[in-house]
Amino acid sequence: MLCLSKSQRKLLDGSGFSCKDKVERVMMECLGYVQDGKHTEKDTLKLMEYTSNCLKNEINQYQYASWTTFGRRHIFSVQSIGNKLTLLLTSRMGIEKWGFVEVRSAIVPRDWEDRYYLNRVMELLMKLKEMLLEQEEVTVVLKQQQSGRSPVDPKDTIKAVNQSGQAINDL
């Protein structure tokens, strides 16, 4: 189930979907060579909003899964400003705390003299791949818990935590 509307997806420069549960896992914004502070801030806030919406959508799908397990769920975004790539993730950091964290950044080499920066770009891409594979595992666990195949402490279900008022309702 997609978490963003068609009009929201059109506003993004790119998005990546999970094969396991058919939802957005990666969102991308590119600013080109213009480094306008106001535009950068606007795109960052858009990524924060959209990744939060995806987490909120997923939390509603897995009401009987573990709140603890859902803490391992991440939605990723890649922001490109000029020749700098930044990998960001949004996740539940704790009770009533949601995080939008920079994981890695890298300068994309534009000419032969900057070729040494290519290692950082490859590290960023490999880190993203590693974290996406971890999310596939989290998806399997959440589905097993939601379906009742894996036991979950009734006090640790997302529904129970939300009803007890320990979790925030709106991201």
Side-chain angles (χ1 to χ4, degrees), residues 1-30 43-80 85-106 122-171:
M1 178 178 195
L2 300 177
C3 60
L4 298 177
S5 69
K6 191 173 184 177
S7 62
Q8 287 175 319
R9 283 194 306 276
K10 283 183 180 180
L11 294 175
L12 285 170
D13 293 325
S15 60
F17 299 89
S18 167
C19 294
K20 284 215 186 292
D21 52 356
K22 313 290 187 283
V23 296
E24 291 93 343
R25 285 279 169 254
V26 181
M27 296 170 199
M28 185 159 188
E29 276 298 313
C30 302
D43 279 353
T44 302
L45 290 172
K46 181 177 15 172
L47 287 172
M48 290 174 77
E49 176 188 355
Y50 288 1
T51 54
S52 300
N53 286 346
C54 287
L55 279 175
K56 187 176 182 181
N57 183 57
E58 280 200 65
I59 210 166
N60 289 328
Q61 289 179 357
Y62 294 113
Q63 288 292 301
Y64 297 100
S66 166
W67 176 253
T68 306
T69 303
F70 193 80
R72 295 174 33 212
R73 170 60 81 214
H74 306 303
I75 306 292
F76 304 100
S77 49
V78 177
Q79 190 173 39
S80 173
L85 280 179
T86 305
L87 174 61
L88 305 151
L89 72 81
T90 304
S91 66
R92 181 183 66 79
M93 302 301 284
I95 295 176
E96 296 189 22
K97 292 184 182 179
W98 299 83
F100 187 71
V101 181
E102 179 179 327
V103 177
R104 274 206 161 70
S105 63
M122 298 309 289
E123 285 176 4
L124 184 145
L125 294 172
M126 294 308 294
K127 182 65 175 175
L128 175 60
K129 180 179 179 177
E130 175 188 320
M131 292 189 309
L132 286 169
L133 290 173
E134 288 173 12
Q135 291 309 299
E136 296 297 317
E137 294 171 12
V138 171
T139 298
V140 170
V141 174
L142 286 170
K143 284 182 174 185
Q144 288 175 345
Q145 291 174 343
Q146 178 69 16
S147 68
R149 186 162 186 230
S150 293
V152 177
D153 178 5
K155 294 177 185 174
D156 187 41
T157 64
I158 291 170
K159 185 174 184 173
V161 172
N162 279 333
Q163 286 177 345
S164 70
Q166 293 176 347
I168 63 174
N169 294 323
D170 294 325
L171 299 177

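For the pair Arg73 (side chain) and Gln135 (backbone), a donor-acceptor distance under 3.5 Å is present.
Annotation: side chain to side chain contact (heavy atoms under 4.5 Å, CB included) contacts of Val103 (sequence neighbours excluded): Leu87, Leu89, Lys127, Met131. In this view, Leu45 and Glu41, Met48 satisfy the side chain to side chain contact (heavy atoms under 4.5 Å, CB included) rule, not counting sequence neighbours. Checked against side chain to side chain donor-acceptor pair (under 3.5 Å), Lys159 has the following partners two or more places apart in sequence or in another chain: Tyr64. The side chain to side chain contact (heavy atoms under 4.5 Å, CB included) check on Ser66 picks up Thr68, Thr69, Gln145, Val152, Asp156, with sequence neighbours excluded. Listed by chain and number, the residues in a side chain to side chain donor-acceptor pair (under 3.5 Å) with Asn60 amount to none (sequence neighbours excluded).
A distance of 8.0 Å separates CG in Leu47 from CE in Met27, rounded to the nearest 0.5 Å. Here the CG atom belonging to Leu125 is positioned 10.5 Å from the CZ atom belonging to Arg104, to the nearest 0.5 angstrom. Distance check, rounded to the nearest 0.5 Å: CH2 of Trp67 to CG of Asp153 gives 15.0 Å. To the nearest 0.5 Å, atoms CG (Leu142) and CD (Gln61) are separated by 10.0 Å.
Side-chain contact check for Thr90 versus Tyr50: every heavy-atom pair is 4.5 Å or farther apart. Counting heavy atoms from C-beta outward, Leu132 and Arg25 have side chains that approach closer than 4.5 Å.
The two residues Ala65 and Gln146 come nearest to each other via the heavy atoms N-OE1, 3.5 Å. Of all heavy-atom pairs spanning Gln144 and Ser147, the tightest one is O-OG, 3.0 Å. The heavy-atom pair separating Pro154 from Ala160 by the smallest distance is O-CB, 3.2 Å. Taking each heavy atom of Ser105 and Leu124 in turn, the nearest pair found is CA-CD1, 3.9 Å. Heavy atoms only, all atoms of each residue included: Thr51 and Phe76 are closest at CG2-O, 4.3 Å. Among all heavy-atom pairs drawn from Thr44 and Phe100, the shortest one is CG2-CE2, 3.9 Å.
Between the side chains of Glu29 and Ser77, no donor-acceptor pair of N or O atoms lies under 3.5 Å.
Sorted pairs that involve residues 133-144 and meet salt bridge (Lys or Arg N to Asp or Glu O under 4.0 Å), not counting sequence neighbours, are lacking altogether.
Using a 4.0 Å cut-off between charged nitrogen and carboxylate oxygen, Glu49 and Lys56 do not count as a salt-bridge pair.
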side-chain contact (heavy atoms from CB on, under 4.5 Å) for Gln79 and Asp43? Distances and angles first, verdict last. CA-CA 8 Å; Gln79 190 173 39; Asp43 279 353; 4.0 Å; yes
